[in-house]
J.: 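Handing you a structure now.
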Amino acid sequence: MTDSESILEKQKQYLWPNHLLYYSEPMPLDHGDGVYVWDVDGNQYLDFFAGILTTSVGHNNEKVINAVREQMGKLVHSSTLYPNEQHVLLAEKIAELAPGHLQQSYFTNSGTEANETAIQLARGYTGAHEVIALRNGYHGRSAITSSLTGISGWRNPTVHISGIKHALAPYCYRCPLKLTYPECGVACAEDIEDVIKTTTPGRIAAFIAEPIQGVGGFVTPPVEYFQIAEEIVHRYEGLLIIDEVQTGFGRTGEHWWAIEHSDVVPDVMTMAKGVANGFPMGNTITTTEIAESTGGQGLTISTFGGNPVVCAASRATIDVMETVADPQHSQTVGSRLRSGLDAMAEKYPLIGDVRGRGLMQGVELVTDRKSKEPATEAVNQLFEATRRRGLLIGKGGMYSNVLRITPPLTATEEHVDEALEKIEHALAEVQENF
Ligand code: PMP
C-alpha cells in the first residue's frame, strides 16, 4: 500500500493546486465501514461529515454494494439512447417520494449539473431570463451555478453569467436587516420582490434556494420564509427551484425533503450527494407540465446520466433509507445531537449559534458573543483537535467559522454520544486559547 507521504507528494505533483484539502496535514483515506473510515496509516475516524453529506447510508453499505455488484455483472453502461430498467425504476421511486406533482426526472452526474439543468428548464419554460438566487448560497462550480452562488470565495472569477441577481440571505444570527425573529416578520423575504422590481424587467425565470444553506454554514431560514418566497415568485411568473442537494432524502428529519418543513411544493427540485451513497448522480425533478416544455428546445443528452450501475446504487440506497434510516430516524438521532450541542453552547462562550435540523447541525464559533467576531482560527484548531480524537466533521460559512456536523443517516444515538464526547473534549481544549 502506498503510504500517506507519497500520496500527498503525488497529489502535489499531478493534481491541480485548487483542490481544497482539510487539515494542516491532510490524511488520505483508505477504507470505510458504516460510520467509520480509516486512513492509510491505520488511524480510525468516526465520520461525521460523510464525504460532504454524501455517504448517506454509511461506507461500504452491504445492500448498496451488492446491488452494484449484481448490476455490474449484467450491464455497466447503456447511455440514455436505450431505456434501461434501473433508470425508470429509480425515476418512479423518486417521484413517489417527491412532494406534490413532481414526477419527471432528468438524471445527470452532480449537483452542479442538476442545478444547471434546472435553470435551463426554467428559462425555457417561462421564456424569461432573470434568475434570483440568495446571498450566502452555494449551487455548484459550473459557469451558471458558480454565478448563482452568493459566497465570494466560491464564485469563479473567470465567468460572469448575465441575468442572475441575489436577494438577502435569511440568516437570522447575522440578520442583514439587523432585525430579530419573529418580530421581524421575516422581512428579508420581501427583498425578493424588491430585487425583482428594481433589477429585472419585472419578470423572472426562477428563484433558486437551498432550504438550509449548506456551504454557507447551515443557515436555517424560518419556515415562513419559503411561504412568502413562493407567493412572490409565482406572482412574477417564475418557477420555484429548491436545491435539495445537501438537505434531501430525510437528512433534516421528519420529512423526505427539507422544503416540506415549510409546507411548500417547489416547481423544480434538484438533488445529488446522498442520492446514491457516493456514486455520482444528480437529478432534476419537475412536473409533467413543466417537463413537457423541453420537447421543443433542441437536442440534449447526458452520456452517463441514468447509468444503470449508479441507478442500482441509488435504488438500494433509498431502500436502506426506507427500512433503517428514514426521516423519523434522522429526527430522533438528530434531536440527540442537537441537545448535546445546545448543552455545549451553555458552557463554551466560543459557541455563538447552534442551528440546523435533523442530522444537519451547524455550530457557529465566535470570539465574542456580543460583536459576533467570526472565530475562524478556533475552527481550525478544533479541526485538528477532533482529528486527534478520531472524529471527522466539516466546516463552512462565509468566514469558515461554522462546524458542519452531518453523520451518515444510519448513525445511531450511540454514535452521536461518541461524537459529542469527542467534540466536547476538543472544544474544552480550544476554548482555553480564546
Ligand atoms: N448545491 C448544493 C446545495 C451543494 O452543497 C453542492 C455541493 N456542495 C452543489 C449544489 C454542487 O454539487 P456538486 O459538487 O455535486 O456539483
Side-chain angles (χ1 to χ4, degrees), residues 16 18-22 49-56 106-122 131 133-151 153-156 159 161 164 166 169-171 206-221 226 240-249 251-252 257-259 266 268-285 302 304-305 307 310 313-314 317 356-362 393-398 400 402-406:
W16 288 13
N18 60 358
H19 286 88
L20 177 71
L21 296 172
Y22 268 176
F49 198 32
I52 326 181
L53 302 86
T54 299
T55 326
S56 48
Y106 195 100
F107 289 97
T108 49
N109 310 287
S110 65
T112 295
E113 260 191 283
N115 285 332
E116 184 97 9
T117 304
I119 300 300
Q120 292 171 16
L121 174 71
V131 176
L134 287 184
R135 297 180 186 187
N136 201 54
Y138 181 92
H139 297 289
R141 63 179 301 280
S142 65
I144 287 182
T145 58
S146 154
S147 302
L148 292 171
T149 293
I151 304 170
W154 291 106
R155 284 174 63 91
N156 188 328
V159 295
I161 296 288
I164 295 173
H166 292 85
Y171 192 168
F207 167 77
I208 182 169
E210 303 153 87
I212 294 180
Q213 295 186 317
V215 175
F218 289 5
V219 166
T220 309
F226 285 103
L240 178 66
I241 303 173
I242 294 297
D243 176 342
E244 293 263 5
V245 167
Q246 294 209 10
T247 51
F249 293 98
R251 167 65 58 190
T252 62
W257 312 98
I259 191 63
V268 183
M269 203 166 73
T270 61
M271 61 198 79
K273 291 200 192 286
V275 60
N277 207 37
F279 287 86
M281 172 180 281
N283 180 30
T284 310
I285 190 167
S302 172
F304 294 123
N307 173 281
V310 180
S314 180
T317 301
R357 291 186 203 285
L359 285 173
M360 185 169 184
Q361 296 293 333
I393 52 174
K395 60 178 155 180
M398 188 76 74
S400 257
V402 183
L403 307 177
R404 295 200 283 161
I405 306 172
T406 58

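One-based numbering, in listed order, for ligands and for the atoms of each. Please read these numbers as outputs of a predicted model, since none were measured by experiment. Just so you know, these numbers use all the heavy atoms, side chains as well, and skip hydrogens, waters and symmetry mates.
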J.: Quick one: does Arg251's side chain have a donor or acceptor within less than 3.5 Å of a partner on Leu359's backbone?
T.: yes

J.: Who are the side-chain hydrogen bond (donor to acceptor under 3.5 Å, both in side chains) partners of Thr252, not counting sequence neighbours?
T.: His261

J.: Between Glu244 and Thr247, do the side chains contain an N or O donor and an N or O acceptor separated by less than 3.5 Å?
T.: yes

J.: List for me each residue that meets ring pair (Phe, Tyr, Trp, His ring centres under 6.0 Å) alongside Phe226, sequence neighbours excluded, and say none if there are none.
T.: none

J.: Just jot down the side-chain hydrogen bond (donor to acceptor under 3.5 Å, both in side chains) partners of Thr145, sequence neighbours excluded, or say none.
T.: Ser142

J.: Please check: side-chain N/O of Thr112 versus main-chain N/O of Gly140, any donor-acceptor pairing under 3.5 Å?
T.: no

J.: I'd like the residue list for ligand 1, meaning every protein residue with a non-hydrogen atom under 4.0 Å from the ligand.
T.: Ser110, Gly111, Thr112, Asn115, Tyr138, His139, Gly140, Glu210, Val215, Asp243, Val245, Gln246, Lys273

